[in-house]
Protein chains: 2
Amino acid sequence: MKSSPSSAADADPGPKYSETATRILNAAEGLFVELGLEATSLRLITQKAAVNLAAVNYHFRSKDALFEAVFARRFAPWARECLRELDALEARVAAGKAVFDVEAVMMCYVRPALALSKDPSLGGALFVRLFSRVLVENHRQVRETLSRDWGHLVARYTVALGRALPQLSSEEVAWRLHLGLSVMFHAFAGNDILKLFGRSAVSARDPDLIVKHVVPFVVAGMSAAPHGRHPAA
Amino acid sequence: MKSSPSSAADADPGPKYSETATRILNAAEGLFVELGLEATSLRLITQKAAVNLAAVNYHFRSKDALFEAVFARRFAPWARECLRELDALEARVAAGKAVFDVEAVMMCYVRPALALSKDPSLGGALFVRLFSRVLVENHRQVRETLSRDWGHLVARYTVALGRALPQLSSEEVAWRLHLGLSVMFHAFAGNDILKLFGRSAVSARDPDLIVKHVVPFVVAGMSAAPHGRHPAA
DNA sequence: CCACCACTCAAACAACTGTTTTAAACGTAC
DNA sequence: GTACGTTTAAAACAGTTGTTTGAGTGGTGG
């Protein structure tokens, strides 16, 4: 386990940040999530972090680079965790101790996301919402930076899901993964299409509750029969 | 049909806008979707609309009010369409010509969304993406303005879905609706969690293709057995 | 003591923001 | 023609934005 060569579990611990740089990152993280990239000024960040304005341009080059650093700090370890889960599942299957079913594959995504949401430092929960924002307002910088890592992750999930759903075409598998990941992502991010406007009975903030409701939904959706059951009206 | 009193199909055609006001609305719509609210300056809007800068503050009071107008112009007729679909389904059920199944209820949402996506003026497709943005970056103004109408819509869908899924508790129905609407919304908006970073086989821009893949997924997810099939590992 | 280092500080920079103002053009009714 | 309300034009408003500057801090090794 320790010496698996091509695994990503043991790689680069990421850059270490100084005391004030970390304070900037933490403050910026919360504000970026709350207000968005454009709406958060450097002065707001430095004020919340209790550091000097010029510090952000000293430690990070620019505001955009700061945003990238905020994102990368959380994304890298999370992606590693996802890959570790997939490796573990493959190992269990190879050992005959498990099979590739949809729920097993999806739990390789849910568990890291759940861990993020329960991160006691709250940084993880903020990151999920930040990622969700990045998804709809697509900043070129982040997209370029992370296309590699995220593309790799998606490829791994695709083959795993394809093995769990051998009756589906690869195009259909890609669609199912797309839909499933999207609903889980926004669920964990707390983007309540119901709650945002007008109140609803659903209080989607307890991570365990999210999992309990979202996993059956996603597993059933992914396992649905291929389209075209009846010609429709 | 024409004289149904409490239906929303026949209500308020909305404000009429002058020539230049319409040009401003159209230009702003595209830019708000592309860049977001904060990142779009009035000068960019007026330049794209080929009108004077002061025109936007003359026709609309402020930038925020403009945004609200942009949103409301598309939202109101779309919400009316959704209510009309629900009314029509209820009427067919009452006449014994149809039953409340999950697919029928969801099609009451899909058809208006599909119509938006196929709007030849492209404004509809832009609105779906705009709504998706509003959902994650939540602007208080829009939230306050639309909480009434959207809340009403959600309530209608909830009771309809509840009739289609009588075996589920009302809390579970709310969750299923939340998840289903969310995945459909982001699918129509083209928020490709797969495609955004790194390319994917899925080209999620053809509205009919979206429906073909997303409806079976959502119907299956909503119809899933209540959670707790097996104690899990 | 000095030089060097990573770092912080307050101040200033030019550019851009939403909004307002003032002046001019427009078509229409008297 | 002249007066009118409506719409547009360009300029100016005060405030904020990201970024840079240059002096100054405290600590470490020679």
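No hydrogens, no waters, no symmetry mates; every other heavy atom, side chains included, goes into these values. Lettering follows sequence order; numbering is per chain, from 1.
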* **Presence of Thr20(A) side-chain N/O under 4.0 Å of dC7(C) phosphate oxygens OP1/OP2** => no
* What is the distance from CG of Leu42(A) to P of dC16(C), rounded to the nearest Å? -> 17 Å
* Asked: Taking the side chain of Arg43(B) as its heavy atoms from C-beta onward, which of dG18(C), dT17(D), dT8(D) lies nearest to it?
  -> dG18(C)
* Euclidean distance, atom NZ of residue Lys63(B) to atom C1' of dT17(C) [Å, nearest integer] -> 8 Å
* **Atom-pair distance (CZ on Phe67(A); P on dT17(D)), nearest Å** => 18 Å
* Asp119(A) and Ser121(A): side chain donor to acceptor below 3.5 Å -> yes
* To do: Mind calculating the distance between CG (Leu31(A)) and P (dT17(D)) to the nearest angstrom?
  => 12 Å
* To do: Report yes if the distance between the aromatic ring centroids of Phe67(B) and Phe60(B) is under 6.0 Å, otherwise no.
  => no
* To do: Write down the distance between OH (Tyr58(B)) and P (dA10(D)), rounded to a whole number of angstrom.
  => 18 Å
* So does Ser41(B) get a side-chain nitrogen or oxygen closer than 4.0 Å to the phosphate oxygens (OP1/OP2) of dT17(C)? -> yes
* To do: To the nearest Å, give me how far apart CG (Leu53(B)) and C1' (dT21(C)) are.
  => 12 Å
* Asked: Within the structure shown, what part of the strands sits under 4.0 Å from Thr40(B) by heavy-atom distance: base, sugar-phosphate, or nothing?
  -> sugar-phosphate
* Can you say whether the rings of Tyr109(A) and Trp78(A) are parallel (under 30°), tilted (30 to 60°) or perpendicular (over 60°)? -> perpendicular
* Whichever of His59(B) and Arg61(A) has its nearest DNA chain D nucleotide further upstream toward 5' -> His59(B)
* Structure fact -> By nearest-heavy-atom nucleotide on DNA chain C, the more 5' of Ala39(B) and Val51(A) is Val51(A)
* Phe71(B) and Phe32(B) aromatic centres sub-6.0 Å -> no
* Asked: If you take all heavy atoms of Ala27(A) and Ile45(A), which pair is closest and at what distance?
  -> CB-O, 3.8 Å
* How long is the line joining CZ of Phe32(A) and C1' of dG18(D), in whole Å? -> 12 Å
* Want to settle it: does Asp64(B) or Ser18(A) sit nearer the 5' end of DNA chain C, counting the closest nucleotide to each? -> Ser18(A)
* **Integer-rounded Å distance: dA9(D) P and Asn57(B) CG** => 15 Å
